[in-house]
Amino acid sequence: MKSWIAFWNILKKDVKNYYLKPPNISWGIIFPLSWTLMQLIRSPGGSILTLLPGLISMSVLFGTTSMLAVTITFERSGRSFERLMLAPISLSIMVLAKIAGTVLFGIFNAFVPVIFAAFFIDLRAVSWAVVIPAVLLIALTSALLGLLIAVSAEQVFEAQTFSNFFRFPMLFLCGLFIPLSDLPVFLRPISYCLPLTYGTDLLNGAITGANVLPPLLSFGLLLLFAAALFLISRHNINRKWIM
Amino acid sequence: MVKVTSLTKKYGDFTAVNDISFEIRKGEIFGFLGPNGAGKTSTINMMIGLSRPTAGEITVGGIDVKEQIKRARAIMGIVPDESNLYNEMDGFENLCFCAALYGMRKQEREAKARLLLERFGLKGAGKRPFKAYSKGMRRKLTIAAALIHSPQVLFLDEPTTGIDVESSRQIREMIMGLKRQGVTIFLTTHYIEEAERLCDRVAFIADGQIVASGTVPELMESVAHDHTIRFVTDRNAEDLASELVAELQAGFAGSKVEVRVDHSLVMVSERRIPLLPVMEFFHDRGINVYEARELRPSLEDVFVELTGIESSVLKKDKERGGRR
Ligand SMILES: Nc1ncnc2c1ncn2[C@@H]1O[C@H](COP(=O)(O)OP(=O)(O)O)[C@@H](O)[C@H]1O
Ligand SMILES: [Mg+2]
């Protein structure tokens, strides 16, 4: 019970102090919107529906990875992160609370292109029961990647640089722009190591029916990724931040 | 209440804390006095579980800090050397948030936050953002935040370093008040006067080692020193100097007598000097004595003698505001 009061208040504080700040809110809206517009301009004939999975994944990825890395690095440089480390709660609860805010922000980002698309096309055929958990898992794994970055970064600008270093290759390798079958063979194993690959495939399946892998397998793998990333991050925090 | 045994911390090859042991009794103020870089913060960080000891044991309230840090933290209050509150939140929000970290409920959080703001004279600043606070106010709010869950043991890392005189005074009063309420306090400082005024027991720490520890009188006793008594009489320096000095030295074997420019007369002896015979000596010669006082070595003298560190090193720290 006591831990949950702490969890809830860490989450509330982060949402209020970081995610609901005007620059982040507008970033969260403008960024997915401009991606959407860019894609529409680039391929005017292309159906919005086939673009949607990519837009959702991208919005989530960009909304989460750097956010968590930057907020944590920021709190560490101002030493307020120490206060969280000193609270009488387990490291897992603390880390989960920090991630929860980012995941919510990622989900918010994901629905910007969806709402935008809803003005142009009929979304009734979309299987929301798959989209929603898929978005959640993409947000979760991306946030955890952001956490891994935060553990390696000492400064806010480092956190930003590292997250771009991860994000851009991921975008090209996860089957968003280039289908996996068209990637050079030596790159494909890397693709299969990226959680985003499975997330994108799930979204493709739910929105256009064009998935490559069985959805259950993708969900399972995403959960595995999330668990592994969580354990690695927690281990790294324990090792690096408690000196 | 707190027990530290053979605690050691190495950063690579460098030993910051070298095999120190001490105990803090319930309700006492125990102070670490040492210059910058002595290992004070490193020790506190290990005690609060923010850093891992290379070797050694720590228990707080009977709880092993290594094994059960969560339980130990529930009874600890921690004031770091630099404030770690949230700049973007106001004073009241900061306190409420800290309370939430300890699992306190909303009503309880807000009541306690208000109480502490009031007690620390920050009531008017409760709605101001923390980043607008002066240094003294920041430190006070940081201490308030550490008290939000009514801890049994309070850790204060250089509580008055780098802040204004008035805030320092208020903080020292606050610390004495907490002691009266039965809180056990561990504080570090490089101000000799602070250690002397606040602490029931003091440990001198230098280069990661405890050089000496005890109550202030015990520490004073531990250094061999001459006994010195200063007399103020109704005579001036010339009158005293002429024949009295030789007579006194002859009358009280083993003592050395000198007259100072402020017209006082000082007797120094290896053994303690009984006052009555000296007073009678003055009385017989029709000299009135208005004051007779033993001059003790200051804690500063003792510190210098025991640690070999010049007191100017501590003073220099003071001017720099004590930052690493
Ligand atoms: N993280 C660290 N890595 C390496 N050396 C450190 C670290 N923290 C402190 N030190 C060194 O350990 C010594 C003791 O530091 P510290 O405990 O902060 O002293 P104090 O608080 O008494 O001023 C100093 O020489 C300092 O430079
Ligand atoms: Mg220090």
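Chain A is the first sequence line, chain B the second, and so forth, proteins listed ahead of strands; every chain is numbered from 1. All values below come from the heavy atoms of this structure, side chains included, with hydrogens, waters and symmetry mates left out.
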- [ ] Evaluate the side-chain hydrogen bond (donor to acceptor under 3.5 Å, both in side chains) criterion for residues B:Lys112 and B:Ser150: first the C-alpha distance (whole Å), next the side-chain angles of each, then the deciding distance (0.1 Å), finally the verdict.
- [x] CA-CA 9 Å; B:Lys112 193 69 190 279; B:Ser150 313; 2.7 Å; yes
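Of all the heavy atoms in A:Trp241 and A:Met85, the pair that sits closest is CB-CE, 3.9 Å.
Contacts of B:Met104 with chain A are made by backbone atoms alone, with heavy-atom separations under 4.5 Å and no side-chain atom involved. Contacts between B:Phe97 and chain A at a heavy-atom distance below 4.5 Å involve the side chain alone, from C-beta outward. In this structure, the portion of B:Cys98 lying under 4.5 Å from any heavy atom of chain A is its side chain and not its backbone. B:Lys9 touches chain A through its side chain: at least one heavy atom from C-beta onward sits under 4.5 Å away, while N, CA, C and O do not.
The choice from B:Asn84, B:Leu50, B:Asn45, B:Ile78 that makes the most heavy-atom pairs within less than 4.5 Å of chain A is B:Asn84. Note on A:Lys2, A:Met94, A:Glu75, A:Arg83: by heavy-atom pairs under 4.5 Å with chain B, the leading option is A:Arg83.
Of the N and O atoms on the side chains of B:Tyr11 and B:Ser42, at least one donor lies less than 3.5 Å from an acceptor on the other residue.
Below 30°, between 30° and 60°, or above 60°: for A:Tyr198 and A:Phe225 the angle between ring planes is between 30° and 60°, a tilted geometry.
Ring centers of A:Phe168 and A:Phe62: under 6.0 Å apart, within the cut-off.
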